[in-house]
There are 2 protein chains.
Amino acid sequence: MVLYLNTPHIMAKPKLDRKTLLKNSLSVFKSRGYHGTSVNDLAAANGLLKGSIYHYFDSKKSLMLEVLIALKEHYVAKVFAKSYDEQLPPYERLRELAVRAEEIFTFEETGDFFVNIGLETMNTNPEFLAVIKEFFRDWIGSLQDLYLHVLGREEALMQAERVVAELEGSVIMMKLLGDVGYLKRTSTRVLNEYKELEKLKLKP
Amino acid sequence: MVLYLNTPHIMAKPKLDRKTLLKNSLSVFKSRGYHGTSVNDLAAANGLLKGSIYHYFDSKKSLMLEVLIALKEHYVAKVFAKSYDEQLPPYERLRELAVRAEEIFTFEETGDFFVNIGLETMNTNPEFLAVIKEFFRDWIGSLQDLYLHVLGREEALMQAERVVAELEGSVIMMKLLGDVGYLKRTSTRVLNEYKELEKLKLKP
DNA sequence: TTTTATTAAACAAACGGTTGGTAGGTAATA
DNA sequence: TATTACCTACCAACCGTTTGTTTAATAAAA
C-alpha cells in the first residue's frame with residue numbers, strides 16, 4: 001500500500017509537451033554541464049520528480065541526445081537557412097547571420113553549448129559528438145556558400161572554417177574573462193573583410 | 001621529548017612526489033573533466049586507493065585548484081616568458097611562442113584544458129575561474145608586450161586578445177572536428193600579419 | 001474501461017570524504 | 001648499538017549521500 005499524504009498535485013496533469021521539456025532541460029544542461037546535471041535537476045526544472053523523467057525518456061543520455069538534436073535542427077532551420085535566402089544580396093545575408101549570431105551568443109548563451117558539451121563529453125560519451133560535428137559542419141557549410149560568391153571553393157571553405165573558429169574563440173573568451181567586446185569586434189571585422197573581398201572580386 | 005615541527009628533512013621518503021601526483025591527476029581531469037572525474041579515478045591514476053588521496057589533499061576541489069595553479073605557473077615560467085627574452089628580436093620571440101603553442105595544443109593537449117574546465121565549472125565551482133582568468137591575462141599580457149613593438153598600447157591589447165581567441169577557437173574546432181589543419185593555418189597567419197605590421201611600422 | 005501521467009519508494013552502485021591502524025622510516029638518546 | 005619517540009605513507013573499511021534507474025500504486029482523462 002502506498003500513502004499519498006501532503007501531495008496535492010498527484011493528479012495526472014495535462015501532458016507536458018516535448019518541446020518545453022527539452023527547453024527546460026537545455027537550460028539546466030547549459031548552466032551545469034552534462035556530468036554536473038543530475039536527473040533530479042532535470043525533473044525539478046520541469047516541475048516533476050525524478051522518476052517522472054523516465055516516462056518521457058529512456059535515460060539521461062538519450063535526453064541529452066534529443067536536446068542536442070533539437071537544438072541543432074533549430075539552428076539549421078532558423079539561422080543557417082539565412083545563407084541561402086536568394087531574396088537578399090550575399091553581404092546582407094552575412095550581416096543577418098552575424099546579427100543572429102550575436103543575439104544567440106550574448107542572450108541565449110547557447111552558441112557555446114555545443115563546444116561546451118563536446119569538450120566535456122568527447123572522451124566519456126562519444127555518441128554526442130556526431131550531432132555536435134553536424135552542427136558545425138552545417139554552420140561552416142552555410143558560410144562557405146556565402147564565401148563562394150567572392151572566393152574559390154577551397155578558399156571559401158577555409159574562410160568559413162576560420163570564421164566559425166574565430167567566433168567560437170571570441171565567445172569563449174567573452175564568457176571566461178567577462179569581456180563583452182570580443183564578439184562585437186570579431187563580427188564587425190568579419191563583415192568588413194567580406195566587403196573587401198567583394199571589392200577585390202569586382203576590380204582584380 | 002623531541003618536537004618535529006617544520007623538519008621536512010626527516011620525512012620518510014615519499015613514493016610519489018607532489019609534482020607527479022599533480023601531473024597524473026591532470027591527465028585524468030583532461031580526459032574526464034572535473035565532474036566526470038571521481039576521487040577513485042584520481043587515486044587509481046597514481047597507483048593509490050581513494051583514502052590515500054586525502055593524505056595529500058584536503059578535497060577533490062583543492063586538488064583541482066592546485067593542478068590549475070601549477071599548470072598556470074608552468075606556462076608563465078616556461079612559455080610566456082619567451083615574450084620578454086631580450087636576446088631575440090620581437091618577431092623571433094613570437095615565432096618561438098607559436099611553435100611552443102603548437103606543441104602544447106597538439107601533443108600535450110593541455111592548452112584547451114583551461115577553457116574546458118572553465119566552461120564546465122564556471123557556474124558550479126566559481127573558485128576555479130580566478131586561476132583560469134589569470135592564465136589568459138598572462139598569456140594576453142605577454143603577447144601584448146610583443147605587439148607593443150609595432151602597435152600602440154590599446155591596439156596591441158586588442159590584437160593580443162584577438163590572437164588568443166583565434167588560437168583557442170582553432171584548437172577547439174580541431175578537437176571537435178578532428179581536423180589538424182586549423183591550428184597550423186592560424187599560427188602561420190598570425191606570424192605573417194606580424195611581419196606586415198613590422199613593415200608598416202618601418203615605412204608608414 | 002483503458003490509457004496516460006505522475007508519484008513515492010526502493011534499488012544497487014558509485015560518490016566524496018573520514019577514520020583507525022599499520023608498516024617502515026628517521027633521528028635523537030641511552 | 002640498541003632503544004625509543006615520532007613521523008610519513010598508505011590502505012581497508014566504512015560513513016552518509018547521491019547517482020541513474022526501476023517498480024507498484026494511484027488518479028485523472030479519454
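Reckoned from all heavy atoms, side chains included, excluding hydrogens, waters and symmetry mates. On a predicted model such as this, the values are computed, not experimentally measured, just so you know.
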Working for side-chain contact (heavy atoms from CB on, under 4.5 Å), residues A:L176 and B:F135: CA-CA 11 Å; A:L176 290 182; B:F135 169 80; over 6 Å; no
After noting the C-alpha distance and the side-chain angles of A:W139 and A:V76, does the key distance pass the side-chain contact (heavy atoms from CB on, under 4.5 Å) rule? CA-CA 8 Å; A:W139 189 4; A:V76 169; over 6 Å; no
So A:K78 and A:E73, salt bridge (Lys or Arg N to Asp or Glu O under 4.0 Å) or not? Walk me through it. CA-CA 8 Å; A:K78 297 288 162 64; A:E73 243 131 54; over 6 Å; no
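For the segment residues 22-38 of chain A, the set of residues with a heavy atom within less than 4.0 Å of an atom of DNA chain D comprises A:T37, A:S38, in numerical order.
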So which protein nitrogen or oxygen atoms get under 3.5 Å of nucleotides 18-22 of chain C's nitrogens or oxygens?
none

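For A:R32 and A:F29, the positive end is not near the middle of the six-membered ring at less than 6.0 Å and at most 45° from its axis.
The CG atom of B:L48 sits 17 Å away from the P atom of D:dT8 (whole-angstrom rounding). Rounded to an integer number of Å, the gap from B:L21 CG to D:dA9 P is 10 Å. Per the geometry, CZ belonging to B:R18 stands 13 Å off C1' belonging to D:dT8, to the nearest Å. Rounded to whole Å, the distance from CG on B:L49 to C1' on C:dC15 is 16 Å. Per the geometry, CG belonging to A:D41 stands 7 Å off P belonging to D:dT19, to the nearest Å. Computed from coordinates, the A:K60 NZ to D:dT19 P distance equals 9 Å when rounded to whole Å. B:L63 places its CG atom 11 Å from the P atom of C:dG16, with the value rounded to the nearest Å. B:N40 places its CG atom 15 Å from the P atom of C:dA13, with the value rounded to the nearest Å.
Ring geometry, B:Y194 versus B:Y91: the interplanar angle falls from 30° to 60°, so the pair is classed tilted.
Judged by distance alone, the side chain of B:D145 and the main-chain N or O of B:S142 form no donor-acceptor pair under 3.5 Å. No donor-acceptor pair under 3.5 Å is formed between the side chain of B:T121 and the backbone N or O of B:T124.
With distances taken from any side-chain atom of A:H55 to the nucleotides D:dA12, C:dG17, C:dA5, the minimum falls on C:dA5.
Using a 4.5 Å cut-off on side-chain heavy atoms (C-beta onward), A:R93 and A:H149 make contact.
Identified under the salt bridge (charged side-chain N to carboxylate O under 4.0 Å, His left out) test for residues 47-71 of chain A, with sequence neighbours left out: A:R18-A:E66, A:K61-A:E127.
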